[in-house]
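Notes follow the structure.
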Amino acid sequence: MNNIESLTQEINTCLKCPLGETRTHAVVGDGNIHSSIMLIGEGPGFYEDQQGIPFVGRSGQLLNKILQACGFTREKDVFITNIVKCRPPKNRDPTPQERQTCLPYLYAQIEYMQPKIIVLLGATALKGLVDSNARITKMRGQWLDWQGHLVMPTYHPSALLRNPQLKRPVWDDFKQIVYKYRELVDPNHFSKYC
Ligand code: URA
């Protein structure tokens, strides 16, 4: 068993915090762990918990559309995961302690994957990875450095579903991601829209 297989097994059987007792499935991640872009959300919701796959509900469908517009596919070009790997009951925010307990799994995924670009989807991802006092409204759209990785915070797709006015800034952020991808990974990367 290699590193990533044993990590996956560890996450799937984890009982380090109370979320392990109420989950249906742990949600390790989806996509290509050998790609250059890691997307990090908050935590699994109802459908993700049922299926063991991140971003399969309404916000996942919107995320798929955004990725498509950028010319990226979920299967090949990105790896998607979350700050916490198990669903908080009733979709409440994960507590600071649950985040803290789960973070070593994310660190291990980042260490293994070595993504060129990390996209933080929403406040929980930003606070969880970068700084618990950071504000998504202030930090979105700006490249940050996190331990040598380039990080772009943007709004969570569920925020866009609640407030369509956020579509514009999120699209601006994803355009920056496409430009950076061309610079760092594939100068010929094609996107119809940017
Ligand atoms: N929202 C998230 O933050 N992550 C998921 O996996 C699904 C919805």
Side-chain angles (χ1 to χ4, degrees), residues 4 7-8 11-12 14 17-20 22-33 35 37-68 70 72-75 77-110 113 115 117-132 134-137 139-140 146 151-164 166-167 169-170 173-174 177:
I4 203 69
L7 179 68
T8 299
I11 295 171
N12 280 329
C14 180
C17 88
L19 301 184
T22 50
R23 69 166 179 246
T24 312
H25 293 104
V27 178
V28 177
D30 187 37
N32 180 4
I33 197 137
S35 67
I37 306 176
M38 176 182 265
L39 299 158
I40 304 174
E42 175 177 329
F46 176 82
Y47 295 103
E48 291 78 18
D49 175 68
Q50 292 290 307
Q51 297 180 37
I53 303 169
F55 284 97
V56 288
R58 273 186 78 209
S59 53
Q61 285 164 22
L62 180 54
L63 182 62
N64 289 347
K65 278 192 194 159
I66 297 170
L67 291 174
Q68 231 171 42
C70 293
F72 297 133
T73 65
R74 240 176 115 123
E75 298 71 30
D77 301 310
V78 301
F79 182 75
I80 308 176
T81 188
N82 284 303
I83 291 284
V84 295
K85 310 306 189 206
C86 298
R87 181 193 182 210
K90 298 185 182 155
N91 294 352
R92 64 163 170 75
D93 289 346
T95 64
Q97 209 181 340
E98 288 159 356
R99 285 189 336 223
Q100 221 44 48
T101 308
C102 212
L103 267 178
Y105 293 135
L106 181 63
Y107 295 153
Q109 288 174 309
I110 295 172
M113 181 175 168
I117 297 169
I118 296 176
V119 184
L120 299 177
L121 300 169
T124 300
L126 174 65
K127 287 170 190 276
L129 190 71
V130 175
D131 172 1
S132 58
R135 309 295 299 256
I136 190 71
T137 43
M139 308 278 273
R140 64 139 281 271
W146 182 82
V151 172
M152 172 59 72
T154 190
Y155 293 118
H156 193 284
S158 66
L160 270 67
L161 291 170
R162 289 192 301 270
N163 179 3
L166 299 182
K167 282 187 183 170
V170 167
D173 301 346
F174 271 90
I177 292 161

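Read the numbers this way: they start at 1 and go in the same order the structure lists the ligands and their atoms. Numbers here simply count residues along the sequence, with the first being 1.
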**Test side chain to side chain donor-acceptor pair (under 3.5 Å) applied to Asp77 and Ser35, step by step** = CA-CA 5 Å; Asp77 301 310; Ser35 67; over 6 Å; no
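Tested against Ile136 for a side chain to side chain contact (heavy atoms under 4.5 Å, CB included), the candidates Leu120, Thr154, Leu126 yield a single pass: Leu126.
In terms of heavy-atom proximity, Leu7 sits nearest to Tyr105 at CD1-CD2, 3.8 Å.
Contact shell of ligand 1 (protein heavy atoms, cutoff 4.0 Å): Gly41, Glu42, Gly43, Glu48, Pro54, Phe55, Ser59, Asn82, His156.
At distances below 3.5 Å, at least one donor-acceptor pair connects side-chain atoms of Glu48 with backbone N or O atoms of Gly57. Of the possible polar contacts, none joining the Asp30 side chain to the Ile80 backbone as a donor-acceptor pair under 3.5 Å is found.
Listed by first then second residue, pairs satisfying salt bridge (charged side-chain N to carboxylate O under 4.0 Å, His left out) with a partner in residues 88-103 read Arg92-Glu98, not counting sequence neighbours.
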